[in-house]
Amino acid sequence: MSTDPLLKIESLHKSFGTVEVLKGVDFSMNQGEVISIIGSSGSGKTTILRCINLLEEYQQGSVTLDGVVMGYKTDNNRRVRLPESVLVKHRSMTGMAFQQFNLFPHMTALRNVTLGLIKALNMDKDEAIATAERWLERVGMLARKEHYPSQLSGGQQQRVAIARAIAMNPRLMLFDEVTSALDPELVNEVLSVIKSLATDGMTMLLVTHEMAFAADVSNRIVFMNEGVVEEIGPPEQIFKAPKSERLASFLKGTTI
Amino acid sequence: MEPILFFNELLGSYGLILKGILMTVKISVQAIIYGTAAGLIIGIILEYGYPPLRYLFRFYVDFIRGIPVLVQILAAYYILSVIGIQLSTLGAGILALSIFCSSHVAEITRGALQAIPKGQIEAAKSISLTFRKTVIYVLLPQALRQMLPTWVNTATEIVKASTLLSIIGVTELLMTIQQLISRTFLSLEFYFLVGFIYFLINFTIERIGKGIEAKVTIA
């Protein structure tokens with residue numbers, strides 16, 4: 001078991017109507033690894049994350065996380081999406097931070113974090129509060145635990161959202177362009193939280209436009225182009241010695 | 001105007017008027033409670049239900065909202081008795097108003113749910129909440145805040161519509177006043193009084209609504 005990858009994506013195909021967004025994506029991740037997915041808009045980066053945690057249905061391929069085939073089974077050679085009650089269980093192995101934070105506006109920062117602990121993991125209230133406070137402290141938001149999202153800056157909201165996801169103790173954290181909606185001066189506070197989680201050994205899959213950050217924090221980089229993995233490798237190779245021409249021309253427009 | 005005569009009559013009949021007010025409040029409160037409970041469930045089905053169920057309740061809401069509430073009251077009283085369901089005038093009246101209320105609450109619930117950003121459901125899924133728990137803890141609390149002002153408006157509509165129960169012979173406030181007028185011929189005075197009482201009831205509802213709104217609004 002321990003030599004198997006934590007996450008294995010095989011031949012993932014996803015279409016929105018007639019538009020094929022993912023045209024057969026394959027890669028795997030080891031426990032404790034940090035991978036950043038880069039690529040131009042529309043190359044399918046975000047869709048990969050949303051297929052992994054089953055927010056999207058996909059037409060072909062499979063995602064295996066920690067030995068569990070996520071979301072689908074094969075019945076008499078027919079591929080069937082599992083019922084929502086099972087999807088909920090599978091989904092609990094992943095945590096996700098969104099571009100738009102998506103905090104619950106009617107709850108304080110603390111309750112945003114405790115909600116899943118109490119209502120999904122059935123933790124008792126005191127334990128949930130202790131867990132939530134530990135994670136809020138970790139992202140530097142403990143002092144604002146009684147604030148509502150509308151009373152927090154974008155960077156603060158994103159840090160609470162990361163605490164909310166990670167407090168659920170997922171096997172794999174997914175970060176979907178978590179700094180894209182932030183003012184430039186708020187980007188660093190969020191990136192430094194992610195970096196410290198990486199240092200802790202959390203397995204993380206990021207979609208990002210922050211190339212310097214991706215190079216700094218990742219073990220490997222996946223370059224997506226037109227729905228397929230065009231190139232995958234360690235940051236030095238991807239950024240300094242790209243093999244594919246498309247990657248080279250994509251990197252020309254970016255600075256690291 | 002016969003002010004002295006009117007105050008004399010008022011002194012002699014305030015017990016009846018009070019009874020009429022209580023009846024109007026009782027009818028309205030029941031219709032609003034039943035109508036709101038049913039309307040919330042129907043609203044959730046309209047927004048998230050399986051298609052066949054959704055079409056069924058879409059038809060229900062459009063059908064009810066297209067019929068005058070007076071016709072619904074007469075139907076609840078006369079048509080139900082034809083098919084063997086014998087309701088009292090009061091029961092039929094409350095049923096009709098509850099149905100009327102449910103169709104309006106369903107529509108405003110659906111609208112409020114639709115206005116919630118899709119990311120809220122995705123965030124709830126991402127922390128492994130079941131759909132039922134997502135509705136209870138994430139969607140409804142936001143929808144209820146959003147729909148509160150419109151809902152208060154619906155509640156006052158129900159109070160006003162309760163006057164129509166006088167047609168099938170329920171002795172609510174308007175009926176009580178009309179009986180007093182037919183005895184005393186003080187129509188101007190008593191109609192002015194009853195208008196003022198309805199205004200007071202609805203003004204109170206509005207104030208309570210504003211109070212709740214101030215309490216649940218997030219800074």
Side-chain angles (χ1 to χ4, degrees), chain A residues 46 49-50 52-56 83-108 111-122 146-152 157 160-170 173-176 181, chain B residues 36 40-41 43-45 47-54 108-152 209-219:
Chain A
T46 292
L49 299 195
R50 295 171 56 86
I52 292 172
N53 74 354
L54 303 163
L55 287 180
E56 300 288 351
E84 193 62 32
S85 57
V86 183
L87 297 188
V88 166
K89 286 210 182 71
H90 286 181
R91 222 175 254 136
S92 72
M93 293 194 287
T94 66
M96 180 142 172
F98 299 87
Q99 183 175 355
Q100 300 293 342
F101 335 133
N102 297 346
L103 287 180
F104 307 128
H106 57 297
M107 294 179 184
T108 61
R111 280 206 57 215
N112 262 280
V113 183
T114 57
L115 181 71
L117 299 176
I118 296 171
K119 301 302 175 191
L121 299 185
N122 298 317
E146 296 304 332
H147 286 57
Y148 286 91
S150 60
Q151 301 164 326
L152 300 172
Q157 288 188 56
V160 173
I162 291 170
R164 173 177 70 180
I166 217 157
M168 301 291 291
N169 197 21
M173 261 305 290
L174 307 168
F175 293 87
D176 182 16
Chain B
T36 300
L40 283 173
I41 294 167
I44 292 168
I45 294 170
E47 185 61 19
Y48 304 117
Y50 290 105
L53 213 55
R54 205 159 69 205
I108 60 179
T109 303
R110 188 201 56 77
L113 288 170
Q114 198 175 39
I116 297 173
K118 221 168 169 289
Q120 291 288 306
I121 296 180
E122 294 183 348
K125 280 183 175 171
S126 80
I127 55 167
S128 307
L129 291 184
T130 60
F131 189 70
R132 197 177 64 86
K133 286 177 178 171
T134 302
V135 169
I136 296 172
Y137 300 109
V138 175
L139 301 174
L140 267 189
Q142 295 184 56
L144 290 173
R145 280 180 176 83
Q146 155 108 26
M147 64 191 267
L148 184 66
T150 326
W151 179 80
V152 168
K210 285 270 186 297
I212 298 173
E213 212 179 316
K215 240 186 143 136
V216 300
T217 300
I218 296 153

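Proteins get letters first, then strands, A, B, ... in listed order; numbering begins at 1 in each.
- Under a cut-off of 6.0 angstrom, the local environment of CZ in Arg50(A) is crowded, with over 12 non-hydrogen atoms contributed by other residues, nucleotides or ligands.
- For chain B, no part of Gln100(A) is nearby; none of its heavy atoms comes within less than 4.5 Å.
- Chain B forms more heavy-atom pairs under 4.5 Å with one residue of Leu103(A), Leu54(A), Asn53(A) than with any other, namely Leu103(A).
- Checking side-chain atoms of His106(A) against main-chain N and O of Tyr137(B) turns up a donor-acceptor pair under 3.5 Å.
- Neither the backbone nor the side chain of Leu117(A) comes within contact range of chain B; no heavy atom of the residue lies under 4.5 Å from a heavy atom of that chain.
- Looking at Met96(A), both its backbone and its side chain come within 4.5 Å of chain B, counting heavy atoms on both sides.
- Interface remark: Arg164(A) contributes backbone and side-chain atoms alike to the contact with chain B (heavy atom separation under 4.5 Å).
- When heavy atoms are compared at a cutoff of 4.5 Å, Phe104(A) approaches chain B by way of both its backbone and its side chain.
- Both the backbone and the side chain of Ser92(A) come within less than 4.5 Å of a heavy atom of chain B.
- Contact count versus chain B (heavy atoms, under 4.5 Å) is highest, among Ala120(A), Ala167(A), Gly116(A), Pro105(A), for Pro105(A).
- Atoms OG and CG, from Ser128(B) and Leu87(A) in turn, are 11.0 Å apart once rounded to the nearest 0.5 Å.
- For a residue to count as touching a neighbouring chain, one of its non-hydrogen atoms must lie under 4.5 Å from one of that chain's; by this rule Pro170(A) does not touch chain B.
- If you take CG on Asn102(A) and CD1 on Ile127(B), they are separated by 11.0 Å, rounding to the nearest 0.5 Å.
- Contact count against chain A (heavy-atom pairs under 4.5 Å) is highest for Val138(B) among Val216(B), Leu129(B), Val138(B), Thr130(B).
- Distance alone, capped at 3.5 Å, places no donor-acceptor pair between the Lys119(A) side chain and the Lys133(B) backbone.
- Taking every heavy atom of both residues into account, Leu55(A) and Lys125(B) meet most closely at CD2-CD, 3.7 Å.
- Considering OG of Ser126(B) and CE of Met168(A), their distance stands at 8.5 Å, rounded to 0.5 Å.
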